[in-house]
Amino acid sequence: MEPEDYFMAAAVLSARRSRDPSTQVGACIVNQDKKVVGVGYNKMPNGCEDHMPWSRSKVCHAELNAILNKNSADLKGCSIYVTLFPCNECAKLIIQAGMKEVIYLSDKYNTSPETQAAKLMFKQAKIPFRKFLPKETEVVLQLQSV
Ligand SMILES: O=c1[nH]c(=O)n([C@H]2C[C@H](O)[C@@H](COP(=O)(O)O)O2)cc1CO
Ligand SMILES: [Zn+2]
């Protein structure tokens, strides 16, 4: 499997854990040695899952969780693979963490002010973003031993 397909597949798989009924988002952070250093998905804050109805405003975004889950000292020079273009709040985190590029799958909220603000900030911070172009468009997982 191509490394980039693997990284985006890790983001897609992570998104599968999200309990957001409308949009499941996954993020996978990769360092300059092409090692995965953090993954995350959009979820309620720990311990709050059972006490609140699902609410978009209370959720921790996939990018935030991937950053907090990092297993390296810092994220300087890392790339982030995301299944949805980051919002303005996540863009700030990505910029401040010193990441070097953003690779996204969907840009379905392209016209929203949050996405527009995120793109503006990435441009100003000179962090390139590009749409992911897979080598393989489908990954089949077999979880049963034969
Ligand atoms: O950067 C992001 N990261 C992220 O995790 N999300 C999550 C928050 C919500 O749970 C969901 C968006 O919900 P909706 O499609 O209903 O607006 O995606 C959304 C964005 C950008 O919109
Ligand atoms: Zn966000």
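Read the numbers this way: they start at 1 and go in the same order the structure lists the ligands and their atoms.
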Visitor: Give me the residue, atom name and distance of the protein heavy atom closest to atom 13 (O) of ligand 1.
Guide: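 Looking only at protein heavy atoms, the one closest to atom 13 (O) of ligand 1 is R56 CD, 3.4 Å.
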Visitor: Can you classify the ring geometry of F7 versus Y81 as parallel (below 30°), tilted (30 to 60°) or perpendicular (above 60°)?
Guide: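 Tilted, since the angle between the ring planes falls between 30° and 60°.
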Visitor: Do the side chains of K58 and M44 get nearer than 4.5 Å, heavy atoms only?
Guide: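 Yes; the side chains approach each other to less than 4.5 Å.
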Visitor: Hydrophobic cluster membership, with links at side-chain heavy-atom distances under 4.5 Å among I/L/V/M/F/W/Y: are Y104 and L120 in one?
Guide: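 No; L120 is not reachable from Y104 via cluster members.
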Visitor: So which protein heavy atom does atom 12 (C) of ligand 1 come closest to, and at what separation?
Guide: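 It is T23 CB, 3.7 Å.
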Visitor: Give the residue and atom name of whichever protein heavy atom lies nearest to atom 16 (O) of ligand 1, and the separation in Å to one decimal.
Guide: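 Ranked first by proximity to atom 16 (O) of ligand 1 is S22 OG, 2.8 Å.
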Visitor: Is it the side chain, the backbone, both or neither of E63 that has a heavy atom closer than 4.0 Å to ligand 1?
Guide: side chain
Visitor: Need the ligand 1 atom indices (1-based, order shown) with element for anything under 4.0 Å from a heavy-atom of P86.
Guide: 1 (O)
Visitor: Does atom CZ of F132 have more than 12 heavy-atom neighbours, drawn from other residues, nucleotides or ligands, at distances under 6.0 Å?
Guide: yes
Visitor: Mind checking whether F85 has a heavy atom under 4.0 Å from ligand 1?
Guide: yes
Visitor: Looking only at protein heavy atoms, identify the closest one to atom 5 (O) of ligand 1 and say how far it is in Å.
Guide: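 Here the nearest protein heavy atom works out to A62 N, 3.0 Å.
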Visitor: Which atoms from ligand 1 have a heavy atom of V59 less than 4.0 Å away?
Guide: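 Those atoms are 8 (C), 10 (O).
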Visitor: Among all the protein's non-hydrogen atoms, which is closest to atom 14 (P) of ligand 1, and how far away is it?
Guide: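 Result: Y109 OH, 3.3 Å.
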Visitor: Group every Ile, Leu, Val, Met, Phe, Trp and Tyr by side-chain heavy-atom contacts under 4.5 Å, then state whether I127 and L105 land in the same group.
Guide: no
Visitor: Please check: side-chain N/O of S18 versus main-chain N/O of N42, any donor-acceptor pairing under 3.5 Å?
Guide: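 Yes; judged by distance alone, with no hydrogens or angles, the pair exists.
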Visitor: Among protein heavy atoms, which lies nearest atom 7 (C) of ligand 1, and at what distance?
Guide: N42 ND2, 3.4 Å
Visitor: Using 30° and 60° as the class boundaries, would you call the ring planes of F122 and F129 parallel, tilted or perpendicular?
Guide: tilted
Visitor: As a test of reading the structure, name the N/O/S atom of H61 that is nearest the Zn ion (ligand 2).
Guide: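 Of all N, O or S atoms in H61, the Zn ion (ligand 2) lies closest to ND1.
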Visitor: Has ligand 1 got any nitrogen or oxygen that is less than 3.5 angstrom from a nitrogen or oxygen of C90?
Guide: no
Visitor: What's the shortest distance from atom 9 (C) of ligand 1 to any protein heavy atom, and which residue and atom give it?
Guide: D20 OD2, 3.3 Å
Visitor: Keeping the roles fixed (side chain from N69, backbone from G38), state whether a donor-acceptor pair exists under 3.5 Å.
Guide: no
Visitor: Nearest non-hydrogen contact with atom 22 (O) of ligand 1 belongs to which option: N88, L84, L93?
Guide: L84
Visitor: Assess the side chains of K108 and T23: does a donor N or O sit below 3.5 Å from an acceptor N or O?
Guide: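 The criterion, which ignores hydrogens and geometry beyond distance, is satisfied for T23 and K108.
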Visitor: Given K58, H61, Q24, E89, which has its nearest heavy atom closest to atom 8 (C) of ligand 1?
Guide: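 The residue whose heavy atom sits nearest atom 8 (C) of ligand 1 is H61.
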Visitor: Tell me, which protein residue and heavy-atom name are nearest atom 18 (O) of ligand 1, and how many Å apart are they?
Guide: V25 CG2, 3.3 Å
Visitor: Is there a side-chain contact (heavy atoms from CB on, under 4.5 Å) between K131 and D107? Walk through the geometry before answering.
Guide: CA-CA 8 Å; K131 184 162 175 58; D107 196 11; 5.9 Å; no
